[in-house]
Amino acid sequence: MKLRFQPYELQLKHAFTLATSSRTTTPVMLVELEYDGLIGYGEASMPPYLGESHETVARFLSKVDLSGFNDPFRMDEILGYIDGIELENRAAKASVDIALHDLVGKIMQQPWYKIWGLDPGRTPYTSFTIGIDTHDMVVEKTKEAAGFKVLKVKMGRENDKEMIETIRSVTDVPLCVDVNQGWTDRQMALDMIYWLKEKGIVFVEQPMPKEQIDDMAWLTAHSPLPTIADEAFQRIHNIPGFKDVYTGINIKLMKSTGMREAKKMVDVARALDMKVMLGCMTETSCAISAASQLSPLVDWADLDGALLISNDIFDGMKVIDGKVTLNDRPGIGVVKI
Ligand code: MG
């Protein structure tokens with residue numbers, strides 16, 4: 001198996017503004033894994049707050065030596081080796097994991113949702129994110145998002161209620177809210193969640209800083225809406241500690257080191273009776289389509305990453321009438337365009 005990688009810069013259609021930062025591009029690394037005339041595609045996305053960059057991912061991938069592996073089907077062995085190269089570098093690991101899944105699916109001539117035995121009719125709607133912006137821009141972005149059945153709103157700033165009211169002046173679709181750790185006072189957070197419930201919000205993602213575990217457990221116990229761990233949560237071993245702290249978890253391939261662990265995460269969360277959301281970074285249709293293979297298993301999807309960029313170079317999963325729509329192509333279901 002031969003591994004190749006190439007840096008690429010995603011151009012965002014709108015500046016991406018969170019409670020703590022704002023940016024217009026996202027660096028990604030595009031990966032190809034070649035074996036027996038077939039090519040598996042993978043991708044690492046590196047939003048700056050995760051601490052990875054073109055340099056760190058290139059350094060990691062340069063250390064990968066697959067010459068000792070002659071059978072792509074021995075995925076546990078191969079990906080166990082990848083995971084052991086460094087402690088962190090989760091996005092870099094995900095790029096190899098995705099490429100290997102794509103390759104193995106292509107050898108089997110089947111998409112992964114079929115290999116996993118999942119019903120493509122059970123995919124969820126995906127939310128579409130309305131970033132923090134001026135009143136007029138929020139109205140415009142909300143109108144542009146008319147085809148989506150669920151919208152996601154970034155909160156955690158002073159004008160939080162205004163954002164919701166502005167979106168509600170345009171549409172009545174269900175909303176989910178991502179606070180990105182922006183609320184530090186638990187009583188204020190609870191009051192806010194009661195207010196949000198009246199406004200038709202479905203769940204609240206990472207309402208408080210990840211370190212405030214006791215406050216978060218109190219909030220979840222009292223909250224009329226589900227709470228979802230995102231920034232608090234990276235790998236599968238974190239999940240049991242979240243029982244009774246959050247209602248559910250947000251799984252992203254760039255945190256889970258790829259599809260293999262993400263699938264196991266769903267199983268662990270279900271065993272703990274927790275909700276599951278499937279999210280993404282800004283990514284091309286490569287990593288988004290890889291995540292989508294799992295989507296028939298989850299409660300909520302937030303897979304709008306490829307729709308937020310203007311220079312996608314893959315054709316893959318489509319959002320049709322707001323719903324994640326899988327295709328019949330083998331592997332992760334993408335072709336390069
Ligand atoms: Mg989030």
Side-chain angles (χ1 to χ4, degrees), residues 10 12 14-23 26 45-52 90-91 94 124-133 141 145 148 150-157 160 163-164 167 174-184 189 192-193 196 201-213 216 219-220 223 225-235 238-239 242 245-256 262 265-266 269 274-283 287-288 291-292 294-295 298-309 324:
L10 303 182
L12 308 187
H14 292 289
F16 190 68
T17 306
L18 299 174
T20 49
S21 64
S22 182
R23 64 175 202 275
T26 300
S45 173
M46 296 88 81
Y49 60 90
L50 289 184
E52 280 187 275
R90 289 182 292 275
Y125 290 119
T126 179
S127 54
F128 182 79
T129 298
I130 307 293
I132 295 168
D133 216 317
K141 286 177 179 178
F148 291 88
V150 186
L151 296 178
K152 176 164 159 175
V153 187
K154 295 285 188 179
M155 298 182 79
R157 291 193 164 192
D160 279 356
M163 270 289 286
I164 299 291
I167 291 168
L175 303 178
C176 37
V177 156
D178 190 352
V179 189
N180 293 114
Q181 316 186 74
W183 299 336
T184 51
M192 195 67 176
I193 291 173
L196 289 169
I201 275 65
V202 181
F203 63 78
V204 181
E205 203 180 320
Q206 202 64 55
M208 303 189 75
K210 58 185 176 185
E211 299 80 13
Q212 287 180 234
I213 297 163
M216 202 47 243
L219 185 62
T220 296
S223 174
L225 295 176
T227 62
I228 306 293
D230 184 9
E231 284 88 339
F233 162 62
Q234 308 286 353
R235 300 291 301 264
N238 296 136
I239 302 173
F242 290 151
V245 178
Y246 296 91
T247 318
I249 54 169
N250 184 354
I251 298 174
K252 297 176 179 174
L253 298 190
M254 297 304 140
K255 301 194 297 183
S256 70
M265 284 174 168
V266 176
M274 295 183 77
K275 295 284 188 187
V276 178
M277 170 185 178
L278 187 60
C280 63
M281 309 296 174
T282 35
E283 295 162 359
I288 295 293
S292 304
L294 274 171
S295 69
V298 308
D299 300 295
W300 303 295
D302 179 31
L303 294 173
D304 62 353
L307 303 170
L308 304 173
I309 62 173
V324 172

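Numbering of ligands and ligand atoms starts at 1, following listing order. Not measured: the values here are computed from a predicted model.
- The side-chain contact (heavy atoms from CB on, under 4.5 Å) test with Leu303 singles out one residue from Ser127, Cys280, Pro124, and that residue is Cys280.
- Atom OD2 is the N/O/S atom of Asp230 found closest to the Mg ion (ligand 1).
- The Mg ion (ligand 1) does not have Glu231 among its coordinating residues (no N/O/S atom, backbone or side chain, under 2.8 Å).
- Within Asp178, the N, O or S atom at minimum distance from the Mg ion (ligand 1) carries the name OD2.
- When every heavy atom of Ser45 is checked against every heavy atom of Met281, the shortest pair comes out as OG-CB, 3.5 Å.
- A donor-acceptor pair under 3.5 Å is formed between the side chain of Gln212 and the backbone N or O of Thr184.
- Checking each of Asp178, Thr126, Val202 against Lys152 for a side-chain contact (heavy atoms from CB on, under 4.5 Å) leaves exactly one that passes, namely Asp178.
- Glu205 has its closest N, O or S atom to the Mg ion (ligand 1) at the position named OE2.
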